[in-house]
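Structure, as structure tokens:
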2 protein chains.
Amino acid sequence: MKFGPIEFRHLRYFTAVVESKSFRAAAQRLHVSQPPLTRQVQQLEELLGVSLLERQPRGVELTAAGAVFYEEARNLLALAEQAIDRTQMAAQGQLGRLDIGVFGSAVFDAIPRVIQAFRLAYPKVDIVLHNLDRAGQIRALRERRLTVGFNRFFVEEVGLLWDVVLHEQLNVAVHEAHPFAKRERLNFDDLADQPLIVYPRTSRPSFIDQVLSMFHSRHLTPQIVQEVDDVVTAIALVSSGFGLTLASDSALTLRLPGVVYVPLEVTEAQIDLCMIRRADDESALLRAFINVVHAVLPPRG
Amino acid sequence: MKFGPIEFRHLRYFTAVVESKSFRAAAQRLHVSQPPLTRQVQQLEELLGVSLLERQPRGVELTAAGAVFYEEARNLLALAEQAIDRTQMAAQGQLGRLDIGVFGSAVFDAIPRVIQAFRLAYPKVDIVLHNLDRAGQIRALRERRLTVGFNRFFVEEVGLLWDVVLHEQLNVAVHEAHPFAKRERLNFDDLADQPLIVYPRTSRPSFIDQVLSMFHSRHLTPQIVQEVDDVVTAIALVSSGFGLTLASDSALTLRLPGVVYVPLEVTEAQIDLCMIRRADDESALLRAFINVVHAVLPPRG
DNA sequence: CCGTTGCGATACCTGAGCGGTATCGTTCCG
DNA sequence: CGGAACGATACCGCTCAGGTATCGCAACGG
């Protein structure tokens, strides 16, 4: 007689017999007749080359090896259940890993809010944040190292899709000693002859270019006194009295000593936060994340 | 179409397809043709209600859920292998749990030597020592809480078997200030009028009765000045100059200040160590342990 | 003491389902 | 545009899981 490899059937039958201490009782429990049970357990024993049960006039008793195998079998069956559960959860986007690319001032407010909400709704999903500039995000998306990316703006890229997920207002960051600090609102004309700190220096075009185009459309030329890498450095310079800078709403959570934020005139002074993803990514996880993003971030800035 | 429950076959086929990134290649690896593979994987997906693979013109790609299930499947297959290994080891007595009952002075030398040797030969067997007197050992053996018991002697018990596993010589423990401390050997006549400490007080008959019968067979009557519970207490009293006591070779490892051991005349002054076990216990673990006992303890005391 | 009862094992049969061959539809490549 | 390679499908044969009937054995009750 030649037997194939072990199957879950052997484990189910064996554990049922052990738990019922009887072939007949186990057969009832499993809704099969008794002879197949006998046969499967015999096969299992032959397969293992080990006697698992001691057949006695009144029911069966486990051997030492049988006790060991019973524990193992129970464990395997439970793990198989778990495997199915976990797979089905993964299919519904409730389990897995989400790699998110972030860059710029959105990391200070919008992204944390999104992530907090997502973790609450999908606690078994591991979220990994990657600080990558736009080019890095696009490369990582293509190489499947990233599921979504956030950036100030994107251009059309084959195989990728992007949406604007948030409109933010612009604010002027000034030192409290500056006369603007007392103003309720400011407009672009006010800024034209002020010492302006701009960012980011690399990864252009970006936030700065959007800002500059707003100046140009008003036929204004800002006085750029310093270019820095990021918003934190820019605000730090403002804090030291070096000049003014512009910041999105997300940056308002950045509180540095002596720095006051004054809202800029609303008209057209909007800055976008965009989300980019693969066009062919139809995973439930991504869909779930997009839903959370749109639920958390207001449809209108 | 109605499918039964998941089987290991599904896991083996699925993992092979994932690892080969192709149904055809996996089919070769598994020594089956391609169509059954397709069918089993389709069944698996239907069983789970989840799409696991993305069929593409050049081979297959895992979905997110598929990646999760692949990890689970690998794990399950590995654990199944382990389960078989462990069961086979248990059948050979290389894995399991050995409950050993011990009592009296043998715990100081003979038993530790046996256990050390056994642990070396069977490292995956858990050894649990239980300090039980003879009656406790017999009850525990009957209730299967014990595999073997060691004691000074046993009487015939239905369902149980016992063997003498060690003959030990008797020694006289005296204080170094006592004149006997300088003697090379002593005999029973020397002890007749000496203040004798005897043990154990309970669990009779035991060591003390064996000793007393040696006196009586020589028509001697020892001067018992104190009965104590165990050999440690007896030696402690000797250490404080209270009197003499008799101790087996195993007790020689008990070194207390001022205590000197002098061997007793060899003839008939032997004390047995016995091992008791269930008559119906044919486990490989017990057989292995008995072999170690006989290998470690000298066949002649 | 012996018939009864309950256990697991065995013998034999039937059909579901696993694996086989042949072939299809699609996509990629030369 | 024809050929090659992929997975899916159709269909077939045979293995083997599960069914029924029965056996052999041990424990128990009258």
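Atom set for the values below is all heavy atoms of this structure, side chains included, hydrogens, waters and symmetry mates excluded. Per chain, numbering begins at 1; letters A, B, ... match sequence-line order.
The distance between atom CZ of A/F23 and atom P of C/dA9, rounded to the nearest whole Å, is 5 Å. Separating the CD atom of B/E46 from the C1' atom of C/dG17 is a distance of 15 Å, rounded to the nearest angstrom. Following rounding to the nearest Å, A/Q28 (CD) and C/dC7 (C1') show an atom-to-atom distance of 14 Å. Between A/E7 atom CD and D/dT15 atom C1' there is a gap of 14 Å when expressed in whole angstrom units. Atom NZ in A/K21 sits roughly 17 Å away from atom C1' in C/dG8 (whole-Å rounding). When the P atom of D/dA17 is taken as reference, atom CG of A/L47 falls 11 Å away, rounded to whole Å. A straight line from CG of A/L44 to P of C/dA9 spans 13 Å, rounded to a whole angstrom. One interatomic measurement links the two molecules: CG of B/L30 to P of C/dC18, which rounds to 15 Å at whole-angstrom precision.
Applying the 4.0 Å criterion to OP1 and OP2 of D/dA8, one finds that B/T38 has a side-chain N or O inside that range. The side chain of B/S33 contributes an N or O atom lying less than 4.0 Å from OP1 or OP2 of C/dG20. Residue A/Q34 places none of its side-chain N or O atoms closer than 4.0 Å to OP1 or OP2 of D/dT20. An OP1 or OP2 oxygen of C/dT10 is reached within less than 4.0 angstrom by a side-chain nitrogen or oxygen of A/Q42. Between A/R55 and C/dC7 there is no side-chain N or O to OP1 or OP2 distance below 4.0 Å. For B/Q56, no side-chain nitrogen or oxygen approaches OP1 or OP2 of C/dC28 to under 4.0 Å.
Picking from D/dG19, C/dG8, D/dG7 the nucleotide with the shortest atom distance to the side chain of A/P36 gives D/dG19. Of the candidates D/dA17, C/dG20, C/dC18, the closest approach to any side-chain atom of A/Q40 belongs to D/dA17.
Closest non-hydrogen pair, A/L132 versus A/F103, comes out as O-CB, 3.3 Å.
Side chain of A/R287 to backbone of A/E282: a donor-acceptor contact under 3.5 angstrom is found.
In this structure, CG on A/L146 lies 10.0 Å from CD1 on A/I276, to the nearest 0.5 angstrom.
Taking 3.5 Å as the limit, the base of C/dG6 and the side chain of A/R24 contain no donor-acceptor pair of atoms between them.
Comparing B/R39 and B/S22 along DNA chain D, the residue whose closest nucleotide (by nearest heavy atom) sits nearer the 5' end is B/S22. Projected onto DNA chain C by closest heavy-atom contact, B/Q43 and B/P35 fall at different nucleotides, the more 5' of which corresponds to B/Q43.
B/T38 and B/Q42 share no side-chain donor-acceptor pair at under 3.5 Å.
Atom CD of B/E19 has more than 12 neighbouring heavy atoms from other residues, nucleotides or ligands inside a 6.0 Å radius.
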